[in-house]
Each structure stands twice: as C-alpha cells, then as structure tokens.
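Okay, so here's the structure we're looking at.
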Protein chains: 2
Amino acid sequence: MARSGHDDRDTSPQDDAARAAWLYYVGGLRQDQIAEELGVSRQRAQRLVARAVADGLIRVRIAHPIASCLELERDLRARYGLERARVAPSVPGAPDPLVALAPVAAPELERIFLAEAPRIIALGTGRTLRAVVEQMQTIDAGRHKVVSVIGNVAPDGSASFYEVIMRVADKTAAPHYPMAVPVMARDRDEHRLYSGLPHVRNARALAKMADISIVGVGQIGQDAPLYVDGFITAAELASLEEAGAAGEICGHVFDAEGRFLDHPVNHNMVGLRVPHDGGPVLGIGAGVRKAAAIRAALAGGLLTGLVTDEDTAKLLL
Amino acid sequence: MARSGHDDRDTSPQDDAARAAWLYYVGGLRQDQIAEELGVSRQRAQRLVARAVADGLIRVRIAHPIASCLELERDLRARYGLERARVAPSVPGAPDPLVALAPVAAPELERIFLAEAPRIIALGTGRTLRAVVEQMQTIDAGRHKVVSVIGNVAPDGSASFYEVIMRVADKTAAPHYPMAVPVMARDRDEHRLYSGLPHVRNARALAKMADISIVGVGQIGQDAPLYVDGFITAAELASLEEAGAAGEICGHVFDAEGRFLDHPVNHNMVGLRVPHDGGPVLGIGAGVRKAAAIRAALAGGLLTGLVTDEDTAKLLL
DNA sequence: GCGTCTCATGAGTAATTGCTCATGTCTAGA
DNA sequence: TCTAGACATGAGCAATTACTCATGAGACGC
C-alpha cells in the first residue's frame, strides 16, 4: 500500500509509540503492517504498542453504560441523597480496584475542569486521587484555581508521596496553591505556627472559598493510609479506633455516623476539614476495605457525590 | 434499535458485550478469564469483545499528541488564520480517512457541547459529519439548541441519507430544529414556497443566530457528494465545474478562492450559506479528494476551525 | 584503553486470539 | 407436524501477539 510519506526526521520514542498505538487501536492495522509502515521490525512495532499501553497513553472508554451499574448509581443517589454517583464495573481478580475506578473517575474530574466559569477547586491527596488524576486528559483550564486542603510534607520531612495538586496543575494548566507545610502538627503550638504562615493562611483562605472539593476516603485500621504512610503512630491509631473512628477525609477522622471526632489527631491536622461550608464534595474510593469508611462518610452527609466500583456499591447498599 | 431495558434482570446482550470489553480492555483480563468470570464459553467471550468493538462501544484515545501532528496544526493555524486546528494521524491503507478523522473530531464536538452557556449550534450534513457524530459520547447538553442549516429531504423524496441533527440530538438531548424541506428547490418559486413555510422560517431564523456552525466540506467532480447523492444532475455538475467550482459547504458551491458562485444551484439551495454572519465555523474533512475543496474554503476564510488528517494537512501546506 | 553494565534488537517460541465450519436450536410457515 | 431458514454454539485450527533469550552496541567508570 501507499506508505504515506513520513518525513520522520526526529520522532521521539514516545511519538513512535503513540503513532504505533494509534495505527493499532484506531486504524486496526496489524503489528506487522505497522512495522512496515514505520520501517521497523515487527518486534519493535509490538514493543512500541506495548510501551504505549505501559506508559498509559492508551485510554479505553466503553460507550455503553452497563445496566447493572446504572442501577447501582441510581440506588446510591436515592439511598444517600447524592447529587452524583458513578459506579465502575469491577474487574474481578484485579490486584486493585483502582484499575476499574480510575478510568471512570477521571472523566468526572475532567467534567469539573471543563466548566467555563472560573472555579476554585479544592483537592485532597492520596493514592486513589493520584491514580485518577494520572488518567485525566490534559485540558486547558487556566481559568480555574486548584488549592490543596491538606499539607504536603510527610512526617519525615519528605514530600508527601501521593502528591495530587501538582499533577492536576500539570494536566490543566491551572494556577495551583499547595499547602506547603506538614500534614500534621505535633501539637497546638506547632499547629498555630503552621497555620499562621502567610502562604498557609492564603491557601486556607482560598480553600474555604472552594466551589467544589475532590477527595479520597481513607479507612481506619492496620491498613489505614494515615497509619501506613506514617502520619499517625500505632498508639494514635489505637486511640482513634478506641474513639470509634470509621474513616477519614483529608486526615480528618470521623465515626460510623460521619461525625468528626474530638481527638488530638484531628486537632493537629493543618489542613481543612472538608466540607467546610456545605459546598459540593466529590468522594472517590472503592474497595472492600474502604467500604465502611465510605458508608460512614455518606451517612454523615460528608459527600455530595461519589465515584466507586460495583463491588463497593453493593456493599454500600 | 437498542431496546432500552430498564431492568432486564438477565443482562442484555449489549450489556454483556460492554462488560466483556471492559474486562478485556480496562481490566486486562484474558478472554478465557472473562469467559470464566461471565460463565460463558471462551468463544462467546471472544465474540462479546468482538461485538463490542463492532458496535462501536469501544473508544480508544491516545493521550499523547504526536509531535508531527502538532506541528501541522500550528502550521495550519498560522497559514490560514484559523482559531482552531486539529490533525489526526493518518492510517495508511485505511479504506477511508474517516477511520482516523472521526475519533479526533468527535471530542472537538463534545467540547462545543460541554459549554455551560446555552448556545445555538448550527449543523451541516454529510457522511463525514455523520461518522463523527456517531463517535461522540452522549453528554447532557439540553441547554443548547441544534439547528440544521440544510434541508433534510433528498430529491427522490426520501429522508436525506446522512442525517446528522437527529443523531446529535440523541447524543446531547438538545432541542433540535431540522429543516424539514428538500435540500434544493427546483426553481425560484419553489424556493420561495419552501422558504416561506413557517417551520422553515423558524429554523432559518434560528440558524442565523447560531453561535457556531459545524460543517463538512464537499468536493466537486465525479465524486462530488452533491452529485453522487443525486442532488444535482450531471449537467448541473458540468455547469458548476465550468463556472470554476472548487468545493461546497452545505450545498453552497464556491470557487478556488472560496467565493460563492452566482449559479442556479446556489440560488436553489433552501439551506443557509455558512458562515452567515462571520461567526465561527468548524469544518471537518479529510482525504486527497477533498483537499482542493478544503483549501478553497480556507482561502476564502469560510472556516475558522478545521479538523483534518495528516495527509490532507500536508497537502494543504 | 579495557572491562562491564545497561539497554535495544531480532530470532525463536509459547500464548492468546480470531476464524471457519459442522452442528444444534429455535421460529415461522406450509 | 414437518421443513426450511436464521442464528447461536463449540471444536479445531490458523493467524496474530507476547514473551524469553542470546547477542551486540554504546555508556560509564577504572
């Protein structure tokens, strides 16, 4: 066939990967055809396609809402009075519910950023949110502002691992306001110190004005993110469990009814409580282990929207 | 037509297809694993996945702008003073440039419909537009209105084949105003008759107020859509070519400089000329055979945006 | 300059997917 | 009731894709 004149003088490797993947997935060519087209060996074509997949260049969407998921969404909305609910079909055997969750949640975030009117968008952190943001497509959303509602420094002084706001800013070109202090203060004084820092005051003020918040939901227990990532000690964890902790949002711990605990851990969080003012809050999370935490958050009306997966949705209903 | 099942307790076949495809593409399961999961034979799993693809349920996007296409976009914008330009990587050997064009053009349309402020969106028709719309995802855009700028009845009295506006309305739930008369009148009197019909006057009035128009570009010649689809006779085609016709938009024929011809065919078109008022016009089209027509439209400043493919872009530059 | 390490490559091969065909089932019509 | 036709099914096989491994070309440090 007529090989289109490719004057590839300086194609980057990722460009090649993207092109190979395009020909493969969109064009429906076979890998040997792609190889010929690109003038490389068949193996290389295969590797380019595989690389595009591995690099996350490939986004697959299913343009058909699976009926049972739609039902779950409807039921979730009704049961918990949510404004929005999205349920991803679970992938059994997947090591992690994020595999299914992220591709469904990402468009929800894109949707928020596609709004024309400038908005202030508050962001939490965490592994879930990070994975979702990674799946977002880059969109031009410089009119919005993104602000973090939680500190970005881990207890050991390193940058918090599941940084979200910078990634979002990368994807959207939105001005961003991280909260450049530790997630937790050690005591009241330190909390006052951090809170009083000009840039923190600024971020907090902005976050309080947020038009919408996007957060993950953390479980409590031996696998609690707060504990696993070293933000709280085993003793604090035990104390929280003692106090009836069921989950946390942005580090703020609540009980099974979704009421924030009167507990030192909560007092020492430098970040804001979400929701701060009754504004919309989109929660994202799935997994058997998170189900109780999510249920608690829903029970307390802490969320106005939820993205989860099928299995979790069933547990919630 | 798709039977919109409320609660078909046993999943509809398309549901199964969508779920199988989800597990395959998103979950990364093998077809035999899917078969086990769904409790069907391996062949059936394979057929479900194949069916999902065939039914167009699978939408693949490559999250990486290929550098050479970006360059072409930039060059197109600069050369022709466009506000927007998108270039799809060509798929060599594809029977039709639409394979590549539609997946790139569809998000552009979605983008237009995602605008919050209510808009009036004028639509042309044609095979290209139809294929693109088919690829759009359904979005809730009831705040907008879509109006057709061209009649929807073929010369033989049948509904025009490449109906676009109804499909768009399906996808967006937008109120829609087709122009329910023949594309072309046979003479001045008939033109006056059609134009005077209340619903046509209404549609035309609305179309004149459109905030943006989305159109295909037709070539002139033996393969001219206008001719192939029977809107004009061989004699009219010859006469148009004689008069220097280079292309057409919504049936209105223009020369190589993009100036509309003073010709009976143009006079008899019941639809509106686009652009009617200098508003934005997004043109969609690709293919060697359309290149001259597109170049003419660009030369005449008839378009403010263009979606095309790599090969065509190169021809235009 | 030389060894070694990493990484890309292509060959060969295993695994997976897609296709064809013979067969079975269901429906409609005589 | 019987028969033809349309369609779904699973077996078997061909085509395609993915993986493993041995090799060689730079890159880097000694």
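Since this is a predicted model, take the numbers as computed values, not measurements. Below, all heavy atoms of this structure are taken into account, side chains as well, without hydrogens, waters or symmetry copies. Every chain is numbered from 1, with letters handed out A, B, ... down the list of sequences.
Here C/dT17 presents its P atom at 17 Å from CZ of B/Arg44, a figure rounded to the nearest Å. We find that CG of A/Leu29 is positioned 14 Å from C1' of D/dT16, with the value rounded to whole Å. A straight line from CG of A/Asp32 to P of C/dG10 spans 15 Å, rounded to a whole angstrom. The CD atom of B/Gln46 sits 11 Å away from the C1' atom of C/dT16 (whole-angstrom rounding). Atom CG in A/Leu48 sits roughly 14 Å away from atom C1' in D/dT17 (whole-Å rounding). For A/Tyr25 and D/dT16, the OH to P distance is 17 Å, given to the nearest whole Å. If you take CZ of B/Arg51 and P of D/dT9, they are 11 Å apart, rounded to a whole angstrom.
Within 4.0 Å of B/Arg42, counting heavy atoms only, lies at least one base atom of the nucleic acid.
In terms of phosphate contacts, B/Gln31 brings no side-chain nitrogen or oxygen within less than 4.0 Å of OP1 or OP2 of C/dA15. Contact annotation: A/Ser41 does not reach the phosphate of C/dT9 (side-chain N/O to OP1 or OP2, under 4.0 Å). Between A/Gln43 and the phosphate of C/dG10, there is no side-chain N or O to OP1/OP2 separation shorter than 4.0 Å.
For the 3.5 Å distance criterion, the side chains of B/Thr308 and B/Arg86 fail to qualify, holding no donor opposite an acceptor.
Contact record, B/Ile34 with B/Ala45: CG2-CB, 4.3 Å, taken as the closest heavy-atom pair.
Of the candidate nucleotides C/dG10, C/dT20, D/dC13, C/dT20 has the atom nearest to the side chain of B/Arg47.
Using a cutoff of 4.0 Å between basic side-chain nitrogens and carboxylate oxygens, B/Arg167 and B/Glu163 are not scored as salt-bridged. Using a 4.0 Å cut-off between charged side-chain N and carboxylate O, A/Glu108 and A/Arg84 make a salt bridge.
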